[in-house]
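Atoms within each ligand, like the ligands themselves, are counted from 1 in listed order.
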Amino acid sequence: MQIGVLTGGGDCPGLNAAIRGVVRQAARLGWTTLGFREGWAGVLDREAEPLTIEATDSVLDVGGTMLGSSRTNPLRDPESFAKARAVFDECGLRGLVVIGGDDTLSIAGAMAAEGDAVVGIPKTIDNDVPETDVCIGFDTAVTTVSNAVGRVRTTAVSHRRVVVVETMGRDAGWLAAAGGLAGRADYIAVPERPIELGTLASHVERRAARGLSFSVIVVAEGAEIVDLEVDPAEVHSSDEFGHVQLSARGLGYAAAGALERALGRSVPAVVLGYTQRGGPPTPFDRVLGTRCGVAAVDGLASGDHGMLTALQRNRIVPVPLAEVAGRTRRLDASYLALLDLFD
Ligand code: F6P
């Protein structure tokens with residue numbers, strides 16, 4: 001028996017742990033694992049390599065993905081989708097483990113709807129896949145953002161500066177919120193909580209009036225600062241899923257520039273960029289990746305196809321991919337209340 005595995009979309013720490021978990025559990029069942037190169041591109045091009053326990057053992061704590069990744073979308077036309085589905089017969093696959101965020105998983109869901117033996121594993125530092133409490137990569141990224149905000153904070157305090165820190169987070173503010181709260185940010189702007197520039201400036205001024213002449217403001221790249229002029233997202237190049245590269249909007253720099261004018265003092269910006277996706281996974285992400293990888297193979301073995309390995313109440317449970325497709329998990333009311341409390 002042979003199964004396949006791929007990683008699609010933006011990379012993140014913990015992907016290798018999941019691949020290793022897949023290979024190890026497959027071997028235990030006497031199955032071999034074929035690793036497809038660069039996400040769905042490798043499936044379409046039949047670019048794959050056999051993965052062994054030996055080749056995957058030392059990657060547990062290595063960031064990124066040993067298989068490479070891409071944002072190739074086989075649903076772009078019916079021929080590509082048919083070609084992707086033919087991989088089962090052509091490569092002799094009993095099943096396919098798809099590790100990805102909402103876009104990558106949407107392909108898995110479409111295949112599962114056709115009856116293909118697919119299991120999905122949720123990963124993204126954005127943490128916005130529905131039905132799972134935490135996605136692989138999120139914990140590491142939160143740690144990175146928290147450390148960065150804390151470091152910016154000590155220099156902001158020393159120099160009595162207002163600094164804007166831009167994080168990733170396209171449609172949901174999980175990373176900005178958790179990283180900002182943990183790093184003790186003084187305001188956190190997220191897509192779920194639109195704010196006006198004037199309100200942000202008043203917030204900084206009120207702090208200064210209380211003797212706090214520094215402020216660290218965390219801004220998610222997809223945050224909504226309603227009266228701030230930034231390029232409309234559409235003018236920037238988009239991927240095969242139609243997503244524009246939001247970092248190109250330069251929200252952090254734009255917000256810093258506008259605050260600088262409003263406050264009449266220098267406001268530097270720090271854009272964390274790919275540092276948030278890189279580096280070794282935290283122990284939590286190593287274990288979560290491992291658990292999901294093993295559970296995905298168990299799902300294929302038991303015929304529990306078309307499922308996502310979701311983390312709920314600290315257990316990995318199968319959730320139908322059909323319930324996940326096309327939805328985004330955004331910050332909930334309890335998180336938003338926390339942000340309000342600590343502004
Ligand atoms: O992985 C998700 C994400 O980190 C988003 O927060 C961000 O908008 C996007 O990836 C950027 O990825 P890339 O630069 O690889 O297109």
All ring-ring contact (aromatic ring centres under 6.0 Å, His included) counterparts of His203, not counting sequence neighbours:
Tyr187
So how far is it from Leu105 CG to Cys135 SG, rounded to the nearest 0.5 Å?
8.5 Å
For Ser80, the side-chain hydrogen bond (donor to acceptor under 3.5 Å, both in side chains) test, sequence neighbours excluded, returns Arg76, Asp77
Contacts of type salt bridge (Lys or Arg N to Asp or Glu O under 4.0 Å), residue Arg327, not counting sequence neighbours
Glu131
As a test of reading the model: which N/O atoms of the protein lie under 3.5 Å from N/O atoms of ligand 1, and at what distance?
unit_1, atom_1, unit_2, atom_2, d
ligand 1, 4 (O), Arg277, NH1, 3.4
ligand 1, 6 (O), Asp126, OD1, 2.7
ligand 1, 6 (O), Asp126, OD2, 3.1
ligand 1, 6 (O), Gly169, N, 3.2
ligand 1, 6 (O), Glu221, OE2, 3.1
ligand 1, 8 (O), Glu221, OE2, 2.5
ligand 1, 10 (O), Arg71, NH2, 3.3
ligand 1, 10 (O), Arg277, NH1, 2.9
ligand 1, 12 (O), Arg71, NH2, 3.0
ligand 1, 12 (O), Arg277, NH1, 2.8
ligand 1, 14 (O), Gln245, NE2, 2.9
ligand 1, 14 (O), Tyr274, OH, 2.4
ligand 1, 15 (O), Arg71, NH2, 3.4
ligand 1, 15 (O), Arg277, NH1, 3.4
ligand 1, 15 (O), Arg277, NH2, 3.0
ligand 1, 16 (O), Arg71, NE, 3.4
ligand 1, 16 (O), Arg71, NH2, 3.4

What's the separation between atom NE2 in His159 and atom OG1 in Thr154, rounded to the nearest 0.5 Å?
9.0 Å
Quick one: which of Asp126, Thr124, Asn127 gives a side chain to side chain contact (heavy atoms under 4.5 Å, CB included) with Trp174?
Asn127
